[in-house]
Protein chains: 2
Amino acid sequence: MSAAAAGAAVAVGAPAVHAKKTYHWKMVTTWPPNFPVFGESANLIAKLVERMSEGRMKISVYGGGELVPALQAFDAVSQGMVEMGHGCAYYWAGKAPAAQFFGAVPFGMNSQQMNSWLQDQGMDLWRELYGNFNLVPFSVGFCGVQMGGWFNREINTLKDLKGLKMRIPGLGGKVIAKAGGTAVLSAGGEIYTNLERGVIDATEWVGPYHDYKMGFYKVAKYYYYPGWHEPGTAIEMFVNKKAFESLPRDLQQIVEAAAQFSCNWMLAEFDAQNNKYLQKLINDHGVKLKKFPSEVLRQLKTYAAEVIAEVTAKDAMSKKVYASYGKFQKMVTDWNKISEMAYLSIG
Amino acid sequence: MSAAAAGAAVAVGAPAVHAKKTYHWKMVTTWPPNFPVFGESANLIAKLVERMSEGRMKISVYGGGELVPALQAFDAVSQGMVEMGHGCAYYWAGKAPAAQFFGAVPFGMNSQQMNSWLQDQGMDLWRELYGNFNLVPFSVGFCGVQMGGWFNREINTLKDLKGLKMRIPGLGGKVIAKAGGTAVLSAGGEIYTNLERGVIDATEWVGPYHDYKMGFYKVAKYYYYPGWHEPGTAIEMFVNKKAFESLPRDLQQIVEAAAQFSCNWMLAEFDAQNNKYLQKLINDHGVKLKKFPSEVLRQLKTYAAEVIAEVTAKDAMSKKVYASYGKFQKMVTDWNKISEMAYLSIG
């Protein structure tokens, strides 16, 4: 958006005629309570809104399962059971396939690129999509390029992916399936044991900070990079549309600004913590870093294009969203080749 | 900062006892009025503050020279003539050499890395430095990796920099001087004519969006990348400390959130516009892109290290700030080698 268009979500609202009214809202999240970075973002937003509104608006944050199960957050907010939710758009692929493009796309845009696309074009499409569910979406941050995952098998050629049982959700899982592997879904709490017992051969999670806390280094041989399957995962907040429109305009703008605050905070926090925990993994626990071979990455990229072609062929809104996403990715990549990429590769 | 520490600038403030009072502040900037992105950021902050405060706080934004000359913004706010300023920290190197590290550092951190450092450690040091001038600093955005500049001479080896007259300010200019060139300072309005008439052989400016508007493609042969001299320039807002502390807490938080909003907005806006204008420059105007040779970049990097060593040897605060900056850069580079960089280089 242009500076003039900032606050586009807000313009739909009512004028500030309820200035004296107080609001006590609930935010359900898809994360365990106070989950590092993700859950902290929800807490940060609640704190900022309360401070900026001088207590006229309070938000109580609930971990997944505390009020509704994690993966019912979308429905709970859509139906107006609670006013706000915090999660990741790819969780709602079953309800709206196009939501995946607002979460993570294998070989898609990284965080900086994704942030630019959302601001320039993506948010309008996201509002259109979620509007069908009586929701207003907000971007609240990005993860950076994730790690490729923990493997108990070396990946030297594409053949090594055949028969691989890997915990990997979403579009990335479909890519692994095309390569002859098996994408396994398991909840966070089960992954460690499954990896230890050989129920799975590999798992992706987030990055050094979160992966360290899960202890995967104790039960996996190799730590692969880069995270081709989630290069710039976007985290979201969604607000019941009717509830949002009932807010006076100042509080609407405060909610939007709190989301944007979190957006800038999250990637910075990820980088700061990932730095530190990467050193711990390597220096204190002897973790071996391995890069996926270029040829394997190239082949996975071809499979990813096939997966995306299948999704967009079946769903008109996915086609519309990806038309914008794909074009922007091409343009921003041309630009980044002579800016960020050329700079980072100086060595 | 951790999520818990967000709003650290705010914690110094007074409790919210003046809720009914209204504030009409002035913000002087170092930019021409409504200057693309930079000036728009100042306007955006003013608009957000007014909206979030329901009009209790209004900020009038002034272009450089409208109220005080551009480069007197720092003094004007420090002395309390006006409440707020908007610029770039390297402009104040003459008053506080350490300020340069909060602006742009040749071969320093890119925008994403800089944002993480500021949040994790840098803002505390910046507050300490500006506190001596009765100012509270805020980061309001980043430029991304700039372009290397417009040249009328090919740069094939380091020898081609000898005798080169280049418009390039700050630490980057000192690096060019070490390479045997002459760093020329000229105001924005004079660069085009100087380049056309051969008064200078080369100039840096910003990136495709701003460079296009300056029309440099009409008078320069080559457009070089990457912008080693300004890889992640930070833009700042500074507020008179006494004025800031006189605000009620909700307005303090609103001012901080508006700055953070701009911070996330600016890099996204730069990338979106630079994409588009890069295509125009290449397709409509036949601009020739050239990459600085690797050997030239390596040598310039060595000179940059010498320049930084000289600055930090002479000024204790510069030494303290760079100790934090340099260590963070090393760690985040290790992390980025296996994340952002490894991902962007898949091809």
Side-chain angles (χ1 to χ4, degrees), chain A residues 3 6-7 16 19 40-41 43-44 48 51-54 107 110 112-113 115-116 119-120 144-145 207-208 225-228 231 249-250 253-254 257-258 260-261 263-265 267-269 271-272 274-276 278-279 289 291 297 301 331-332 334-336 338-346, chain B residues 3 6-7 16 19 40-41 43-44 47-48 51-54 107 110 112-113 115-116 119-120 144-145 207 225-228 231 249-250 253-254 257-258 260-261 263-265 267-269 271-272 274-276 278-279 289 291 297 301 331-332 334-336 338-346:
Chain A
E40 286 175 286
S41 156
N43 297 343
L44 172 62
L48 289 168
R51 277 197 187 173
M52 288 195 274
S53 70
E54 233 195 333
F107 297 95
N110 72 2
Q112 184 178 327
Q113 297 168 339
N115 195 33
S116 185
Q119 186 166 296
D120 195 55
V145 174
Y225 69 93
W228 56 270
R249 248 180 119 146
D250 58 329
Q253 186 62 72
I254 282 172
Q260 180 95 340
F261 195 116
C263 204
N264 199 59
W265 168 82
L267 183 58
E269 176 71 2
D271 278 330
N274 279 335
N275 289 345
K276 293 168 196 165
L278 177 66
Q279 305 288 341
L289 292 177
K291 186 172 191 291
L297 289 169
K301 194 172 176 180
M331 284 175 75
V332 78
D334 283 349
W335 161 234
N336 281 177
I338 63 168
S339 56
E340 302 299 335
M341 218 174 125
Y343 181 71
L344 286 175
S345 63
I346 289 176
Chain B
E40 287 176 285
S41 156
N43 298 342
L44 172 63
K47 189 185 75 173
L48 288 168
R51 277 196 185 174
M52 288 195 274
S53 70
E54 232 193 334
F107 297 95
N110 73 2
Q112 184 178 327
Q113 296 168 340
N115 195 33
S116 184
Q119 186 166 294
D120 195 54
V145 173
Y225 69 91
W228 55 271
R249 246 181 120 148
D250 57 331
Q253 186 62 73
I254 281 171
Q260 180 95 339
F261 195 115
C263 204
N264 199 57
W265 169 83
L267 183 58
E269 177 70 2
D271 278 330
N274 280 334
N275 289 344
K276 293 167 197 166
L278 176 66
Q279 305 288 340
L289 292 177
K291 186 172 190 293
L297 289 170
K301 195 172 175 177
M331 283 176 76
V332 78
D334 282 349
W335 161 234
N336 281 180
I338 63 167
S339 56
E340 303 298 336
M341 219 175 124
Y343 181 71
L344 286 174
S345 63
I346 289 176

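Reminder, nothing fancy here: chain letters follow the sequence lines and each chain counts from 1. None of the values given here were measured: they were computed from a predicted structure.
Using modelled atom types, one finds a donor on one side chain and an acceptor on the other under 3.5 Å when comparing B:Asn264 with A:Asn115.
Between chain B and the options A:Ile346, A:Val145, A:Val332, the largest number of non-hydrogen pairs under 4.5 Å is found for A:Val145. The residue among B:Pro226, B:Gly207, B:Ala258 with the most heavy atom pairs within less than 4.5 Å of chain A is B:Pro226.
The minimum heavy-atom distance linking B:Asn336 with B:Gln113 is given by the pair OD1-NE2, 2.8 Å. When all heavy atoms of A:Met52 and B:Ile254 are compared, the pair lying nearest together is O-CD1, 3.6 Å. The two residues A:Leu267 and A:Gly144 have their closest heavy-atom pair at CD1-N, 3.4 Å.
Of the atoms belonging to A:Lys276, heavy atoms from both backbone and side chain fall under 4.5 Å from chain B. Only the side chain of A:Gln279 comes within contact range of chain B, judged by heavy atoms closer than 4.5 Å. Using a 4.5 Å cut-off between heavy atoms, A:Leu278 touches chain B through its side chain atoms alone. Contact annotation for A:Asn43: neither backbone nor side-chain heavy atoms come within less than 4.5 Å of a heavy atom of chain B.
Annotation: side chain of B:Trp335 is not in contact with side chain of B:Glu340 (no heavy-atom distance under 4.5 Å).
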